[in-house]
Structures are given as structure tokens and as C-alpha cells.
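It should be emphasised that the depicted structure is a prediction, and the values quoted were computed from it without experimental measurement. Lettering follows sequence order; numbering is per chain, from 1.
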Protein chains: 4
Amino acid sequence: MWSTKEPGAGGDGILSHPTGPRSDRIHAQVLAATQELLDEGGLPAATVDAIAQRSGVSKATIYKHWPSRTAVAAKAFGHMMAEELPLPDTGNSRDDLTEQVRRVSTFYASPRGEVFAQLLAACVDDPAAAPYFRVYFLAGRREAVTTLWQRAVDRGDASPDTDVDDVIDILFGPLIFRRLTGHYDLTDEHAEKLARTALDGLMRSTV
Amino acid sequence: MWSTKEPGAGGDGILSHPTGPRSDRIHAQVLAATQELLDEGGLPAATVDAIAQRSGVSKATIYKHWPSRTAVAAKAFGHMMAEELPLPDTGNSRDDLTEQVRRVSTFYASPRGEVFAQLLAACVDDPAAAPYFRVYFLAGRREAVTTLWQRAVDRGDASPDTDVDDVIDILFGPLIFRRLTGHYDLTDEHAEKLARTALDGLMRSTV
Amino acid sequence: MWSTKEPGAGGDGILSHPTGPRSDRIHAQVLAATQELLDEGGLPAATVDAIAQRSGVSKATIYKHWPSRTAVAAKAFGHMMAEELPLPDTGNSRDDLTEQVRRVSTFYASPRGEVFAQLLAACVDDPAAAPYFRVYFLAGRREAVTTLWQRAVDRGDASPDTDVDDVIDILFGPLIFRRLTGHYDLTDEHAEKLARTALDGLMRSTV
Amino acid sequence: MWSTKEPGAGGDGILSHPTGPRSDRIHAQVLAATQELLDEGGLPAATVDAIAQRSGVSKATIYKHWPSRTAVAAKAFGHMMAEELPLPDTGNSRDDLTEQVRRVSTFYASPRGEVFAQLLAACVDDPAAAPYFRVYFLAGRREAVTTLWQRAVDRGDASPDTDVDDVIDILFGPLIFRRLTGHYDLTDEHAEKLARTALDGLMRSTV
DNA sequence: TGATAAGCGAGACGGTACGTCTCGTCTTCCG
DNA sequence: CGGAAGACGAGACGTACCGTCTCGCTTATCA
């Protein structure tokens, strides 16, 4: 499985290249500029030229640190989303998970949710960027749900035999499907219904 | 909700422009050429220039009939997938649905599944193409599952109160999620496990 | 030499095709529409589609009557310029010719002079249109100067041996040269100087 | 007046953009390719795509160096004509000028004269290209005649008060007029007659 | 401290597809 | 059956973004 821990600069294996003090400055500037651009105009606005111009880092240097513009954007997006979405904690495992589904649904429907969808889409055509999206964004999201699920297991509300990866896919896959195809709007009501049905299958022991 | 019936020539509302006998020839030629290109090199190969050249239809004409190359590809893909995936019929509703999930999982992992993912991704950045993908491809897939689910309801294996759209999202959303992020391979075993868990929540009365 | 007489409908040899009352209506509508377009936006505005739309005559029909859009424009332009530029008549041949040069210079510098230049240029790349420009526009201009020159000959101010075609070329060729290359503005002073020098060579007997 | 000196790379004001060693290579390749195309098929053959393909320089780069294909062609044409047409030197000013007129007339009637006419015509609809044609082609031609005229002045055959620009226009404007409208062929006899008449006005003191 | 090499900014460049435009032909159907 | 309407093929246009490259300047490390 892909690593879920936040890699430090220079310690993320295949995902980074140069090292040292200059490198740190470059990373910071590029990511900051990219975050601005993503917020202003989504992925389409985060062209390499735009990032280079705004960050003051040259295109050549960017390509020495990242394999593609999508990779840059994925990492920048992961960092800007890191502090968002604090975990719910109602004392009830099922309620916590339901609330999390609702929050993610709301996020998908927001402007940054649009960026999320663009990034997910871009990774399809850019295999080199996919690991960046997984490590710097998805890992954090999965970790959050893993925490909630572990609580449920600890409380005896869920079976320790159920693979948390399946839990994640079943709870959030449907939301992503809807977000991408656009065949339905993402509403709180819908998110709750989805969570209820999914959790019925996942946490049947709690019924 | 978006229509699920296959629109006839000239009868698909916003999705087509010119009409008449000449139009029919153009549609046939363009779609045939696009299908070939999709099979040969996926969405990236289906450039408007390539489609124009192979079909003998000029670019300008293509743009009169479709809003973008993604829309052309979506319709072509829908047509080429129309006859695939016959419905399973084991006599057992739950087995049928499980088998369908397995088949779709296999499809997603195939070359044409790659095209599916590319199309889904392309629609994120091309809102005009999204309805084409929904009407000409997704609708057919949803219809198939709707049939299976209806059987289950008729047999008393499922509640008529459950919205089939939710069923579809829960059964296939997770597969799509995995297909897009690539964080796991799509295996038969995994598909079965997913189906089992999801159906536990959806068809609890059958337990 | 090319004919200088205004050809009647159906009587201008290679320059026209259909005949009859319907033809007359079509000619009138097309030329009127084209004249409007030329005045509004010059030659670039007189596209075949625009002419067809404004005149109510179909493109196919236009191409039955003229070999190209430039030919249409040339004829339309000739007709709209037919009444302009009355001949000067000061009683002095040399003054008349000088005045004519000045007037033509002014015309070249006007908006319609721009159209003249565009038409002249278009005929370079459209041999089929050239005769239309010569017959329907240039012939009329040359005829005017021929009249002036004949007066001079009759008065004994010019030699009957001098070919009037050479006179025309020498008097107006320089203006056209300047108009096309744009290396100088066309001013009255310049036109007069040009006429003076040229007429010194052409009408030496008058010195 | 516009400059008549051949501008060096990077020193031609509005007429060029990038500079440096890479730029030199691009200019050389593009102009060489364009010259070939002009000789093979005239201006219509010198499309930007064709120039790009043959020169190995991308379209985008061409558009960074020149405002339009006409500008490229004008410069290429100027360079390929630079060595042509050595000055006549018979010892007699009037004969030299007459000979020059004859040579230019012959040139206009040649295949490259056709290109000249196409270029002149194209500049009418492409104001951005006009300065290129003036600087890189016309300037050289005017310079040649200026030399001949200066000789005449030095020998006392012509008045120093006569503006050489007028001389040029009167000697060559008529040829251009005929070349463009095509109302007469360009023959040696005609050129001589034209030169004789024009020079009668210009060099009357020599009679 | 000064040399040497690597990192870097600036931006030119080739490549490739885009979506648009106008021409002149061809088809369809109406009066 | 002539003509209006307009679909159509052809092919050039000029633009956008990608990712690579070349060029000097700057910075960091080692002689």
C-alpha cells in the first residue's frame, strides 16, 4: 500500500529531487503561488508559466522538483487542505462517520471540491502525478476516517475484521462518482441517506 | 433526472444540431472513426484532427454537430459499449448483482476501462461533454443495474423504498474511486468483497 | 485590348452567365447588398455569406452569375463609382488633367480608395475577377481621362501620336504605387507636383 | 521617410522581437525555407504551416519573430532579391535609367515578379507586413535608382531640385499599375516608351 | 579568499492540438 | 425546375500550454 505518512522534505522517496536550503525556499514559493492560483481559477489557472511567474521560480527549476504541473498542484492542494476538516467527535461512532460523510459531501460541492475533482481527473492522464495526489492529499483524508473507524472498533461498534480501506471506498466512492458525473447534486440529505445505507452494511452489528 | 432512453437522431434535445440524411451519414462516419481511434490509443488519440481525417468529415462540420471532441468521444464510446456486458441471470438476485459488480470491475481494469476513466476525467473539465457521457454511456449502464434491482424487488429480496440511484452509486462508486486514484488494483476478490459489504447494507432483508 | 464600353446584361462575353428577368432582379439585389457591405467594412466585409444573407440570393446562385466574390465586389464597386468624379473643365487642358490627378489622389486616400486598393490587390490572386475590375471600374476611369486627353489633342496641346494608355499609366501609376506601398501619404501638393512633372514629359509641346 | 538601410539583427526597431544567437539560427532557417516556398509556389505556397515544417521552426516561434506570414515572406523576398539586378552603367545617365526600367519591367513579368505583385497585394490587407516589404525589399530597389539618379545629377543631366522619390514613382509606378491590373503585357518596347516619355518630363534639360 | 561547480531565473524553443474562419461546391426542399 | 437555405470539405489561421533547452548570474563549497 502507498504510504500514508506525511513525507518530510527530501524524505518522500520517488516524490522529490534536490535537497538543501535553496530547495526549501523553492518548495515554499512554488506551493504558495500554486495555492493562490488554485483558489483563484482552479487547476486550469495553475499553468506552469503562471506558477513560475508568480513564484519567481523558473520553469526549469520547477521541473527539477516535480514531474509535472499536476504533481505540483496535487502537493499544493494537499498542503492547503491539511488543516481543514477537523474530525467530528459526538461520542457516537456511527454519528461521527455520518457527519464525516456529510462534511466531505459539502466539501465536494464547494469551489475547492471542484479543484479536487479536477485534480482527480488530471491524475488519470498523468500517472506521474497520481502518487503526489495520493500521498499529499488522499492519505490525509484516509487517515482521518481511519481514526474514526478505529474508534468504532475500539467501542465494539465495528468489526476489526473489516478492512478500513473498504470502509473508505464505500463511504466516499459514491460521493465522488456523483461529483464527477454530475448526474445529481450533492446535498446533505443525500449524503446522510448514503451514509446510512452504507453503514448498515458496514456496521450491521450496531443495529 | 437526465433521460435514460437512447435519443433518436434529431430527437436528443440539446445534444445535437443539424438534422437530415446528410447528418446521418456524418454521425455514422464520425462515430465509427472515433471508435477506432479510442480502441487504438484511448482518448488522447481521438483528437479532432485525427477524427476528421479518418472519417472524411471536416473539423468545422464536427464542431457543428458536437460541442467538443470529448462529446464526440463520449457518444462514440457509448455506442461501442452498448452491446457489451449482457445481464447476469443466475436466478438469485444477490448473486446477479455481485456478478455485475465483478464484471464492471473487470471492465474498469481493461483497456476500454481506461478509456472510460479518461472520459470521466475529461468531462470534469468539459461541462458541455458531460451530458453526452451521461446520456450515451452512463444511462445504459444504470439501466442495466436498474433491471437487476427491479428483479430483486419483484422477488422480495429488496425493499421497493430503496432508491435505485443510491444502489448504483454505492455498488459502483467505490470501484470508480479505486480506478481513478489507482491506490489499489481492481481484482475479482476485491470486487466481491465490496459487493458483499454493500449489499449487506442494501439488501439486509435477505440475510 | 480590353473593352472599355459598359457591357449590357448578358452582353459582356465571358463576364456573365444567365439572362432574363429573374437574372436582372438577382443582379440588382446582389450588387446593392455588396455595395452596402463594401461601404460598411471594405472588401473583407463582403464575404459571400454576407452578400447572400443580405441580398436574399443564395450562394449557389451567386456563383452561377459570378466566378468569385472578388468579381462580385469589383462589379458592385464599379457601379457605385460610376457617377462619381465628374470631369473637370477649366478650359485649359493641362489644368484639367492636373485637377483630375488631384481628385484621383484624394479618392485614393478616402475610405472608398481603400476599397479600390483592396480590390486591386484581390485581383492579383484572383485572375477570374480581374476582368470584372477592368471592365466595370477601370474602364470608366480610363474613359474619363481619354476624354480629357482628346480635348488636349483637339486643342493642339498634345500630340495625337501619344498613346492615351501611356498617359493614363504615367499620370496615375505613381499614385497607385504610393497608395499600395504606403511609403508616402497622398497629398494635394504631391499630386500636383507629380502631375506637373509627368505632363512636362507628356505635353512638352505646350511649354 | 522610412529607413533604407538594411537593419542588422536586433537593430531594426519595430520589425523584430527576440535577439541573440538562437534567434539568428531561427531567422536564417525560416527565411531560407520561405524563399524556397516562394520560388516553388509563390506567396500562396508560403503558408505558416509550410514554413514551420520546412524550416523546423515552430509556428509559435515564427509568430514571436514576425507579425504575420506576409511579413516573413516580404523579408525573405527582400533577401533573395538583394543580389539581383546589378546597376546598368553605360556612361549615359538617360540610357542607364531606361535600361533600369526595362530590367524592372522584365522582372515584373517573370515568376518572381508575380511574387512581387502578390506581396504588394498582400500588404494592402496586412498593414503589419507593409513595413517589412518597404524596408527589406522596396528600400533596396529605391536605393539603386537613387544611385543612378545621383549620377545624372552629378553629370548635370538632371536637376538636383527634382525629388528622387518622385522620379522613382513616375518611372516605376506605371509598370506596377500594368502589372497589377493586367490590362497590358509588360514588353521591352512598352517599357522603353514609358521610360522615354517619363524621362522627357524628368530630364528635360537633356533634350 | 578565490576558484569551481552546481543551482537557478529568464525565457526562447519545438511540438501538438485547439477552435475558428472563409471559400466554393453540393444537397435538399420549397414555390 | 430555378432558386433559397445552408450543410459540407478543404485547409490556413493564430493561440495556448506543455516540457526541454540554452544562457548567464548567483550561491555554496572546496582548494
Is the backbone of D/Val57 close enough, under 3.5 Å, to the side chain of D/Thr61 for a donor and an acceptor to pair up by distance?
no

Measure the angle between the two terminal helix axes of the helix from E/dT1-F/dA31 to E/dG31-F/dC1, five base pairs each, and quote it to 10°.
10°

Where the side chain of A/Arg69 is concerned, which of F/dC13, F/dC18, E/dC13 is the nearest nucleotide?
F/dC18

Side-chain N or O of A/Arg25 closer than 4.0 Å to phosphate OP1/OP2 of F/dT26
no

To the nearest 0.5 Å, what is the distance between NZ (D/Lys75) and OH (D/Tyr136)?
3.5 Å

Could you state the CH2-C1' distance from D/Trp66 to E/dC13, rounded to the nearest angstrom?
13 Å

Round to the nearest Å and state the distance from D/Asp24 atom CG to F/dT22 atom C1'.
14 Å

Whole-Å distance, A/Ile51 CD1 to E/dG9 P, equals 14 Å

Mapping C/Ser68 and A/Gly56 onto DNA chain E by nearest heavy atom, which one lands closer to the 5' end?
A/Gly56

Check whether any side-chain N or O of C/Arg54 sits under 3.5 Å from a backbone N or O of C/Glu36 as a donor-acceptor pair, and report yes or no.
no

Rounded to whole angstroms, how far apart are CD1 on A/Ile62 and C1' on E/dG7?
14 Å

Please state whether the rings of B/His65 and B/His27 are parallel, tilted or perpendicular, taking 30° and 60° as the class boundaries.
perpendicular

Nearest whole angstrom, please: distance from the C1' of E/dT25 to the CG of C/Asp49.
13 Å

Of the candidates F/dC8, F/dA12, F/dC18, the side chain of A/Val48 sits closest to F/dC18

Criterion ring pair (Phe, Tyr, Trp, His ring centres under 6.0 Å) on C/Phe137 and C/Phe116, from CA distance to verdict
CA-CA 9 Å; C/Phe137 177 73; C/Phe116 163 79; 5.6 Å; yes

Identify whether any heavy atom of B/Ala60 sits under 4.0 Å from a base atom; if not, whether one sits that close to sugar-phosphate; answer base, sugar-phosphate or nothing.
base

Calculate the interatomic distance between D/Gln53 atom CD and E/dC13 atom P; express it in whole Å.
20 Å

Smallest separation among heavy atoms of D/Gln29 and D/Ser55, with atom names:
NE2-O, 2.8 Å

Let me know, please, whether B/Ala50 or D/Ser58 comes out on the 5' side of the other along DNA chain E by nearest nucleotide.
D/Ser58

Quick one: does any side-chain atom of A/Thr34 pair with a main-chain N or O of A/Val30 as donor and acceptor, under 3.5 Å?
yes

Taking CD1 from B/Ile26 and C1' from E/dT28, how many angstroms apart are they, rounded to a whole number?
13 Å

Whole-Å distance separating the CG atom of D/Asp126 from the P atom of F/dA12:
17 Å

On the side chain of B/Lys59, is there an atom forming a donor-acceptor pair with the base of E/dG19 - under 3.5 Å, no angle test?
yes

By nearest nucleotide on DNA chain F, pick out whichever of D/Pro44 and B/Gln29 is the more 5' one.
B/Gln29

